[in-house]
Structure formats: structure tokens, C-alpha cells
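The structure is given below, and queries will be raised subsequently.
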Amino acid sequence: MLNAVGYIDLCIPRGGRKLIDFVRDTARVPVIETGAGVVHVYFDKDGDLEKGRAIINNAKTRRVSVCNALDTLLIHKDREADLPALLAPMEGKVEFFFNDERLYDTEFMDYKMNVVTVNSLDEALAHIDRHGSGHSEAIVTEDEQAARLFQAHVDAACVYWNAPTSFTDGAQFGLGAEIGISTQKLGPRGPMALEEITTYKWLIEGDGQTRP
């Protein structure tokens, strides 16, 4: 299939990173990369505790085996004292790791989560730049300026402010049955349904006109 040029218009791999890498590196037909998500939520120094607790819990535990599930919680150093309250809804369900650099690039797809302390919004953005996969990222803050900076700077298909990454889904976006979530920049990006992968052709009618 991957070499069936002229017979197959497009290949969309659905699965883990190894499958996606293999298809991208092997295919001679066009490919849309989907699925792989190393997802972050950044709890800012001006984050609301109740909102943050609900958002983080939903992003992590709603369905842990899907690509929009939370992998790494970034928390501003000034809010470390709030960690027990933020993590309380997941106690006994989720295994937590703290500032484990070996896990910065890990997509867990399991009841596991890394918690990383950062000194500033800029440090959170730099961490996501290095370790994000372009899928879904979120910030929890009551500071609109920080939120807008985060949304403008983060290079991902879906960037949330005070909402969980669990919303990254074709049906939630009103697209109908989802085919995948593209992490590419050209062609469709983010949740895709049929319209996003449908091509078009031009039908031109004339009456003998020529172009000078």
C-alpha cells in the first residue's frame, strides 16, 4: 500500500509513534501524520486552583489511552504549594513522577504523569518547544496577557486556555466522525473529518478566449 503510487491517494497511519515513523519514512504515497501526542498543561502563577484541578484531572484521566491525554503538568514555582490540591482528584489512580528528565518526551497512554516545575511562563514555553509534539497544549491562568502569549507562541494544532486537552476531537469540533488528528502544518491540521481530506478540481468553461 505504501508504494501503490497511482492507486492510493493518501495514507493516514493510526497507531503509535513507531508505526507513524515507519509509514512516513517508507511511503511513496502522500501521508498525513496523526495521533502521536506528548501533551502538556501549564498551571501558571495566576492559575485558578479549582479550575486547574478540574482541567488537569479531566485532561489526564478522562481516557488515558488516547492521544489528547495529558502527559506532563508544568507548574510555576510560586504555586508548588498547591500541588497536593491540584493532584488530589487523581490520588490512587495516577502514578506521579517529579521533574524526571528521562520522561520529558514520553507519551504515557497510561495512568502516569510527569510533573515539572518551571520558573516562568517563558520557561514553560521553552519546555513545550523542546518536548511537545504539535498536538494539544493548555494553559491555566487568569492572566489574559499570559494566556494570549501562550496561545500565540505554542506551535500546536490545538492550544487551550482554561480548558482541558480532552476536547481535541473531531466530533467536539463539529466535524463529524473523526478520521484522525493531524500534527502537520501543511494540509489539514488538528482534528480531521472527510471534508478536511477531500480534494477538489476546477471546471472552467470558455468560448474561445485566449490569454495574452
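These values consider heavy atoms only, across backbone and side chains, with no hydrogens, waters or symmetry-generated copies.
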Side chains of L175 and E195 in contact at under 4.5 Å (non-hydrogen atoms): no

Reported CG-to-CH2 distance for the pair D44 and W161, which is rounded to 0.5 angstrom: 11.0 Å

Check against side chain to side chain contact (heavy atoms under 4.5 Å, CB included), I32 and I197: CA-CA 9 Å; I32 294 178; I197 63 168; 4.0 Å; yes

Pair K185 + D155, salt bridge at N-O below 4.0 Å: yes

Smallest separation among heavy atoms of R62 and S166, with atom names: CD-CB, 3.9 Å

Minimum side-chain heavy-atom gap H135-V38 below 4.5 Å: no

Over 12 foreign heavy atoms within 6.0 Å of CD, E205: no

Sub-4.5 Å side-chain heavy-atom contact between I179 and I12: yes

Within 6.0 angstrom of F98 CZ, more than 12 heavy atoms from elsewhere: yes

Same apolar cluster: L73 and F96, side chain cutoff 4.5 Å: yes

Joint hydrophobic cluster, L10 plus L2, side-chain heavy atoms closer than 4.5 Å: no

Partner residues of A69 under the side-chain contact (heavy atoms from CB on, under 4.5 Å) criterion, sequence neighbours left out: V66

T165 side chain to N68 side chain, donor-acceptor N/O pair below 3.5 angstrom: no

I56 with F167, same ILVMFWY side-chain cluster at under 4.5 Å: no

Closest heavy-atom pair and its distance - N57, K93: OD1-NZ, 4.5 Å

Path from V41 to V94 over hydrophobic side-chain contacts below 4.5 Å: yes

pair L74-T72: side-chain heavy atoms closer than 4.5 Å: yes

Carboxylate-amine/guanidinium contact E142 K51, below 4.0 Å: yes

Residue pairs involving residues 137-160 (criterion ring pair (Phe, Tyr, Trp, His ring centres under 6.0 Å); sequence neighbours excluded): none

Smallest separation among heavy atoms of V39 and C67, with atom names: CG2-O, 3.5 Å

Minimum heavy-atom distance N58-P164, with the two atoms named: OD1-CG, 3.3 Å

From N119 atom CG to H76 atom NE2, the distance as rounded to the nearest 0.5 Å: 7.0 Å

May I have the list of side-chain donor-acceptor pairs in residues 83-92 shorter than 3.5 Å, sequence neighbours left out?
none

Residue pair C158, F173: steps toward the side chain to side chain contact (heavy atoms under 4.5 Å, CB included) verdict: CA-CA 11 Å; C158 303; F173 279 35; 3.8 Å; yes

Intermediate values then yes/no, side chain to side chain contact (heavy atoms under 4.5 Å, CB included), V29 and D9: CA-CA 7 Å; V29 299; D9 295 317; over 6 Å; no

Side-chain heavy atoms of L203 within contact of K201, under 4.5 Å: yes

Between T168 and S136, a side-chain donor and acceptor under 3.5 Å: yes

Residues M113, L70; criterion side chain to side chain contact (heavy atoms under 4.5 Å, CB included); working and verdict: CA-CA 7 Å; M113 187 175 79; L70 173 60; 3.5 Å; yes

Residues forming a side-chain hydrogen bond (donor to acceptor under 3.5 Å, both in side chains) with H40, sequence neighbours excluded: E137

N-O pairing of R24 and D21 below 4.0 Å: yes

Side chain proximity check, R53 to I55, heavy atoms < 4.5 angstrom: no

Approximate separation, where rounding is to 0.5 Å, of E196 CD and I181 CD1: 12.0 Å

4.5 Å side-chain heavy-atom contact, Y42 and T141: no

Cluster overlap L149 with F43, hydrophobic side-chain contacts below 4.5 Å: no

Which atom of A138 lies closest to which atom of A163, heavy atoms considered: CB-O, 3.7 Å

Aromatic plane relationship, Y200 with W202 - under 30° parallel, 30 to 60° tilted, over 60° perpendicular: perpendicular

Non-neighbouring partners of H131 that pass ring pair (Phe, Tyr, Trp, His ring centres under 6.0 Å), sequence neighbours left out: Y104, H127

Shortest non-hydrogen contact from M192 toward S182: SD-CB, 3.8 Å

By side-chain contact (heavy atoms from CB on, under 4.5 Å) - contacts of E95 (at least two apart): F97, K112

Any N99 side-chain heavy atom under 4.5 Å of V115 side chain: no

E107 versus S133, side-chain donor and acceptor atoms under 3.5 Å: no

